[in-house]
Novice: 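Below you'll find the structure I mean.
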2 protein chains.
Amino acid sequence: MNRPTVHDIAKEAGVSLATVDRVLNARPGVRDKTIAKVQDAVVRLGYVRDTYAANLARKRLYRFVFVLPEGPNQFAASLCAALDEAHAAQISDRTAIEIVRVPLRDPHAIVRRLRQLAVETLDGVALMVPETPQVRDAVARLKAAGVAVVALVSDLPNSRRDHFIGTNSVAAGRTAGLLMGRFVRRPGEVLVVSNSMRARDSLERRLGFDAVISGEFAGLRVLPSVESFDDPARMSAVVTEVLARRDVVGVYSMGSGNTALLDALRESGRIGDLVSIAHELTPTTESALREGALAAVIAQNVGHLARSALRVLRALCDGLSIYEAQERVRIEIILRENIS
Amino acid sequence: MNRPTVHDIAKEAGVSLATVDRVLNARPGVRDKTIAKVQDAVVRLGYVRDTYAANLARKRLYRFVFVLPEGPNQFAASLCAALDEAHAAQISDRTAIEIVRVPLRDPHAIVRRLRQLAVETLDGVALMVPETPQVRDAVARLKAAGVAVVALVSDLPNSRRDHFIGTNSVAAGRTAGLLMGRFVRRPGEVLVVSNSMRARDSLERRLGFDAVISGEFAGLRVLPSVESFDDPARMSAVVTEVLARRDVVGVYSMGSGNTALLDALRESGRIGDLVSIAHELTPTTESALREGALAAVIAQNVGHLARSALRVLRALCDGLSIYEAQERVRIEIILRENIS
DNA sequence: TGGTATATGAGGAACGTGCCTCAAATCAAC
DNA sequence: GTTGATTTGAGGCACGTTCCTCATATACCA
């Protein structure tokens with residue numbers, strides 16, 4: 001038996017095609033009793049709208065905007081590349097993508113840019129920005145205009161976003177903590193570096209990391225987080241100083257800025273006996289893994305993030321349910337031997 | 001500018017729609033010169049066929065068969081479930097799936113079952129079976145009948161299969177080896193168990209595992225593989241004996257049969273001080289991870305395998321190029337903290 | 001040059017859906 | 001029972017493609 005079509009529904013419900021169409025597309029001018037008849041037939045026959053045929057008929061075009069951090073952010077760059085690739089590969093998907101880069105450090109600039117988006121000509125937005133009250137307002141404005149909104153990589157839990165695509169930062173931090181505890185071979189201190197602890201992600205990763213280390217690895221002491229504020233010189237100075245004065249056995253890098261960190265570690269000559277763990281697979285961290293400068297990388301797959309965001313945005317636009325199993329982004333552990 | 005259609009191609013090439021159609025679908029009755037004109041226009045305009053519209057017009061139905069191991073194989077069971085789920089979620093995809101279970105231990109039965117497949121009513125086959133000469137012949141027969149064939153989980157490199165969907169077993173073994181070496185805290189011996197070393201996967205995993213351990217972890221000695229042949233009693237007896245007589249610090253389970261192995265380990269009372277690593281995330285291994293009986297699981301995502309197989313089979317049927325980045329199955333490392 | 005085989009053009013129906021119009025049927029209120 | 005509004009039906013065109021048929025144009029060979 002083939003999939004039922006609108007024609008089958010019309011026959012089953014004893015109404016005309018036009019009425020079925022009115023009901024399915026929630027157009028006015030149908031009595032409640034008739035609506036019920038049609039919906040009944042839909043359920044009985046297990047009708048599922050053929051989205052492709054529907055999109056063909058209505059010449060649908062999904063117009064999405066991705067808002068990503070600007071600046072020398074390797075992770076954002078690879079996310080961009082993944083987005084382009086996913087877009088090119090799904091050429092038949094009637095989707096137009098625009099990528100907007102914003103300065104992460106300047107919440108007002110972000111919001112200004114978000115306000116410039118022409119909501120009338122927009123179906124969905126994916127946001128990778130820190131949560132601030134202004135961003136929450138901007139999200140509310142987008143939602144009010146009927147635009148689908150997903151948070152990407154870093155969640156906006158208190159906003160009206162429809163969906164979050166990314167990993168649980170606390171769990172990622174716990175995973176890093178467990179690896180650190182098992183990899184390190186003698187008691188000592190763990191240096192934790194981050195761009196800025198104002199970022200929710202860093203806070204949550206630290207939380208998870210500390211919980212596992214203090215709960216299960218009594219021999220390790222986690223030092224207060226060192227912030228680099230995207231300044232390589234600062235990173236270098238602080239790391240060198242801490243390594244000289246404390247008994248460091250492990251380094252946990254929670255944010256970007258790994259190039260500067262790794263340079264500092266190499267200069268210290270301590271690479272061999274330190275266990276270093278960082279986040280996100282980029283050219284820098286990948287070569288550090290191969291070289292042995294990093295013991296592990298905790299990552300999320302950018303290709304998956306990109307494809308997931310596109311699929312979820314489309315599903316939201318169509319009012320379809322989201323296939324959770326496929327959209328769950330996993331916390332990946334990358335070692336030298338399983339780099340993609 | 002919108003995507004070009006066949007009409008645009010016809011106009012650009014200065015021919016009729018019918019001729020464009022004949023060229024695009026490789027139908028006879030077109031002069032070489034005209035073919036070239038059309039193909040030229042295709043390139044110039046960057047035409048890409050709208051697969052959905054094409055499938056709609058030709059009422060296409062993809063008919064696929066998945067050949068999976070029968071018996072109490074938890075991995076195969078979860079792969080089945082993932083397949084059902086992927087299929088249900090992609091309801092609009094005009095795909096009919098049949099799952100055939102075969103006894104892995106009996107190559108002749110496998111081939112007999114493969115011969116029964118009605119190739120005329122078949123578009124693609126995904127095979128998760130060991131490579132034997134008979135299987136190779138069966139693959140050749142399928143290919144000769146114009147059926148797309150992909151190897152699933154375990155490759156058939158010397159057959160005519162179109163594609164392999166799964167991970168590199170040597171790299172998976174290397175990953176296990178690296179984890180084992182870094183997790184174990186004192187010199188000693190590593191017990192390796194497997195269903196049967198005749199399986200290519202087990203051989204390759206062992207190869208990778210040994211290479212890393214002997215190359216980088218001088219304090220560890222890997223014992224000869226113990227085979228269980230799917231017999232829980234045998235597994236229990238052998239493991240108990242080895243644990244009693246040797247100085248085992250780690251256990252590496254290369255195949256299925258983890259339930260019996262874990263029971264034996266629990267009975268030995270050595271769970272706490274052994275580092276155990278197994279393959280594939282199943283209810284058994286997942287609860288062992290949570291409980292601490294397994295330190296790590298090396299896995300491939302069954303959902304990804306299922307979706308990938310479906311996408312690749314469809315692409316092969318349509319003669320489309322395959323989106324390698326999306327289809328690459330990663331070697332996942334699962335610890336207690338990043339289970340799904 | 002005529003005859004024949006081959007190439008090409010023109011057009012239409014179909015796939016499942018959306019969206020439109022116009023007429024007909026039904027309903028509620030008077 | 002008439003009026004007027006609301007609901008429903010019938011049908012058509014469109015989307016981009018496939019796959020027909022039939023008529024015409026072109027090339028090739030004798």
Side-chain angles (χ1 to χ4, degrees), chain A residues 1-39 41-42 45-62 90-95 314 317-320, chain B residues 1-39 41-42 45-62 90-95 314 317-320:
Chain A
M1 178 63 184
N2 279 333
R3 270 179 65 187
T5 73
V6 277
H7 297 86
D8 300 321
I9 300 297
K11 227 174 292 169
E12 175 81 10
V15 300
S16 77
L17 238 175
T19 301
V20 172
D21 183 59
R22 287 189 262 257
V23 173
L24 288 181
N25 295 292
R27 270 186 274 277
V30 187
R31 252 180 311 164
D32 290 355
K33 231 177 81 185
T34 315
I35 294 182
K37 270 203 297 189
V38 172
Q39 286 173 339
V42 166
L45 297 189
Y47 169 80
V48 182
R49 174 199 254 111
D50 183 329
T51 316
Y52 301 143
N55 286 346
L56 179 62
R58 69 165 70 150
K59 295 190 267 196
R60 196 184 203 325
L61 179 66
Y62 300 92
Q90 319 267 314
I91 192 74
S92 290
D93 276 351
R94 303 170 179 278
T95 304
R314 272 193 292 262
C317 290
D318 294 339
L320 295 176
Chain B
M1 177 63 181
N2 279 334
R3 269 178 67 187
T5 73
V6 277
H7 296 87
D8 300 323
I9 301 296
K11 226 174 293 170
E12 176 81 10
V15 299
S16 77
L17 234 175
T19 301
V20 173
D21 183 59
R22 286 188 262 256
V23 173
L24 289 182
N25 295 291
R27 270 187 275 276
V30 187
R31 250 181 312 163
D32 290 354
K33 230 177 80 185
T34 315
I35 295 182
K37 270 202 298 188
V38 171
Q39 286 173 338
V42 166
L45 298 189
Y47 169 80
V48 182
R49 173 199 258 115
D50 183 329
T51 316
Y52 302 143
N55 285 346
L56 180 62
R58 68 165 72 148
K59 295 190 266 195
R60 197 183 203 326
L61 179 65
Y62 301 93
Q90 319 267 315
I91 192 75
S92 290
D93 277 350
R94 303 170 178 279
T95 304
R314 273 192 292 261
C317 289
D318 294 340
L320 295 175

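Throughout, protein chains are lettered first and strands after them, A, B, ... in sequence-line order, and every chain is numbered starting at 1.
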Novice: Please list, for nucleotides 14-16 of chain C, all pairs of protein and nucleotide N/O atoms separated by less than 3.5 Å.
Specialist:
| from | atom 1 | to | atom 2 | distance (Å) |
| --- | --- | --- | --- | --- |
| C:dC15 | O2 | B:L56 | O | 3.4 |
| C:dC15 | O2 | B:A57 | N | 3.0 |
| C:dG16 | N2 | A:A53 | O | 3.3 |

Novice: Is the shortest side-chain heavy-atom distance between B:D50 and A:Y52 below 4.5 Å?
Specialist: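 No. Closest side-chain heavy atoms not under 4.5 Å.
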Novice: Could you give me the CA-CA distance, side-chain angles and deciding distance for B:R58 and B:N25, then say whether side-chain contact (heavy atoms from CB on, under 4.5 Å) is met?
Specialist: CA-CA 12 Å; B:R58 68 165 72 148; B:N25 295 291; 4.0 Å; yes
Novice: Quick check on contacts: within residues 14-31 of chain A, what sits under 4.0 Å from DNA chain D by heavy-atom distance?
Specialist: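 Nucleic-acid contacts, sorted: A:G14, A:V15, A:S16, A:A18, A:T19, A:R22, A:G29, A:V30, A:R31.
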Novice: Can you give me the closest heavy-atom contact between B:A10 and B:L17, atom names plus distance?
Specialist: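 Minimum heavy-atom contact is CB-N, 3.9 Å.
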Novice: What is the separation between atom CG on A:N55 and atom P on C:dT17, rounded to the nearest whole Å?
Specialist: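 These atoms are roughly 12 Å apart.
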Novice: Hey, what do you get for CG (A:L61) to CZ (B:R3), rounding to the nearest 0.5 Å?
Specialist: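 These two atoms lie 11.0 Å from each other.
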Novice: Rounded to the Å, how far apart are B:D318 CG and D:dT17 C1'?
Specialist: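 Rounding to the nearest Å, CG of B:D318 and C1' of D:dT17 are 13 Å apart.
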Novice: Atom CD1 of B:I9 and atom C1' of D:dT17: how far apart are they, to the nearest Å?
Specialist: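 After rounding, the reported distance stands at 13 Å.
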Novice: When you compare the side chain of A:L320 with that of A:R49, does any pair of heavy atoms fall below 4.5 Å?
Specialist: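 Side chain of A:R49 against side chain of A:L320, heavy atoms only: no contact under 4.5 Å found.
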Novice: May I have the distance from B:Y52 (atom OH) to D:dA14 (atom P), rounded to whole angstrom?
Specialist: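 After rounding, the gap between these two atoms is 25 Å.
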Novice: Could you tell me how far apart B:D8 (CG) and D:dT17 (C1') are, to the nearest whole angstrom?
Specialist: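 Atom CG in B:D8 sits about 13 Å away from atom C1' in D:dT17.
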Novice: Test B:V23 against every option in B:V42, B:V15, B:V30, B:T34 by the side chain to side chain contact (heavy atoms under 4.5 Å, CB included) rule and name the one that passes.
Specialist: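 For B:V23, the side chain to side chain contact (heavy atoms under 4.5 Å, CB included) check succeeds only for B:V30.
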Novice: Show the nearest heavy-atom pair for residues B:E12 and B:A41, with the distance to one decimal.
Specialist: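 Looking at all heavy atoms of both residues, the shortest contact is CG-CB, 3.6 Å.
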Novice: Are A:D318 and A:R60 within salt-bridge range, i.e. N to O under 4.0 Å?
Specialist: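 Counted as a salt bridge, because a side-chain N and a carboxylate O are separated by less than 4.0 Å.
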